[in-house]
Amino acid sequence: QVQLVESGGGLVQAGGSLRLSCAASGRTFSNYAMGWFRQAPGKEREFVAIISWNGGITYYADSVKGRFTISRDNAKNTVYLQMNSLKPEDTAVFYCAARRGASAYKEQRSYEYWGQGTQVTVSS
């Protein structure tokens, strides 16, 4: 069992930045690939970014490419999402997720564990 706790969300003006953190506990963190997903009001949850077990491979949704950066610190059992140049359309609940294995995938069904989410609101 892996427990995931997100933090770092909040209210920010358009053009601003936030850094989300996701702290993991319960199993060897480096055994898990990680992903960030988000769900905007009235929409389905969607893929944002993923990272392999050692951080060597990352992949982003087109909508955030060049603005968001996913990273991880296996010594701290934490994955991060640095979000820059935020837009009102980035407003959503952001979730981190973990899947056992080296490789990360953008398909939500491949993730076994999910956090409770953290709200990000971007005002115009």
Side-chain angles (χ1 to χ4, degrees):
Q1 192 80 1
V2 175
Q3 292 80 41
L4 303 172
V5 179
E6 302 96 336
S7 61
L11 174 64
V12 64
Q13 289 188 334
S17 299
L18 283 174
R19 188 175 82 154
L20 305 183
S21 300
C22 173
S25 62
R27 288 290 186 268
T28 303
F29 183 63
S30 59
N31 287 345
Y32 291 82
M34 301 295 294
W36 284 99
F37 299 82
R38 67 184 180 186
Q39 186 168 20
K43 296 186 177 181
E44 293 187 349
R45 190 164 58 187
E46 64 178 5
F47 155 73
V48 175
I50 52 175
I51 189 167
S52 61
W53 71 280
N54 64 351
I57 298 174
T58 58
Y59 185 69
Y60 300 90
D62 287 343
S63 60
V64 307
K65 201 172 296 182
R67 300 188 298 123
F68 291 10
T69 302
I70 188 171
S71 62
R72 65 189 295 161
D73 185 339
N74 285 349
K76 295 183 178 180
N77 292 350
T78 302
V79 62
Y80 304 97
L81 186 67
Q82 177 67 45
M83 306 186 294
N84 299 329
S85 302
L86 283 160
K87 305 175 181 180
E89 51 264 43
D90 293 317
T91 295
V93 177
F94 281 71
Y95 300 89
C96 70
R99 67 173 304 275
R100 185 171 177 83
S103 300
Y105 300 91
K106 64 179 183 178
E107 290 78 15
Q108 298 182 47
R109 62 179 180 273
S110 67
Y111 289 82
E112 302 148 282
Y113 304 103
W114 292 82
Q116 292 299 307
T118 185
Q119 176 71 48
V120 171
T121 303
V122 184
S123 62
S124 57

How would you list all residue pairs meeting disulfide bond (SG atoms under 2.5 Å apart) that involve residues 53-94, not counting sequence neighbours? none
Got a sec, which pairs hit ring pair (Phe, Tyr, Trp, His ring centres under 6.0 Å) with one end in residues 57-109, sequence neighbours left out? Phe47-Tyr59
Please tell me whether Leu81 and Phe37 are part of a single hydrophobic cluster in this structure, the criterion being side-chain heavy atoms less than 4.5 Å apart. no
Got more than 12 heavy atoms from elsewhere within 6.0 Å of CG, Leu11? yes
Would you indicate whether the side-chain heavy atoms of Met34 and Leu4 approach each other to under 4.5 Å? yes
side-chain hydrogen bond (donor to acceptor under 3.5 Å, both in side chains) partners of residues 108-124, not counting sequence neighbours, each pair once: Arg45-Gln108, Gln119-Thr121
Distance alone, cut at 3.5 Å: any donor-acceptor contact between the side chains of Ser52 and Asn54? yes
Quick one: do Leu86 and Ile70 end up in the same hydrophobic cluster if we chain Ile, Leu, Val, Met, Phe, Trp and Tyr together by side-chain heavy atoms under 4.5 Å apart? yes
For the hydrophobic clusters of this structure (ILVMFWY residues joined by side-chain heavy atoms under 4.5 Å, transitively), does one cluster hold both Tyr32 and Ile50? no
Using the disulfide bond (SG atoms under 2.5 Å apart) rule, collect all pairs that involve residues 64-124, keeping only residues at least two apart or in two chains. Cys22-Cys96
Side chain to side chain contact (heavy atoms under 4.5 Å, CB included) involving Ser25 - partner list, sequence neighbours excluded: Gln3
Please determine if Asp62 and Lys65 form a salt bridge, counting it only when a charged side-chain N lies under 4.0 Å from a carboxylate O. yes
Between the main-chain N or O of Phe29 and the side-chain N or O of Arg72, is there a donor-acceptor pair closer than 3.5 Å? yes
If you look only at pairs with a residue in residues 4-21, which of them pass as a side-chain hydrogen bond (donor to acceptor under 3.5 Å, both in side chains), with sequence neighbours excluded? Ser17-Asn84
Between Arg67 and Lys87, is there a side-chain heavy-atom distance shorter than 4.5 Å? yes
Side chains of Met83 and Val122 in contact at under 4.5 Å (non-hydrogen atoms): no
Give the cluster check for Ile51 versus Trp53: same hydrophobic cluster or not, with ILVMFWY residues linked at side-chain heavy-atom distances below 4.5 Å. no
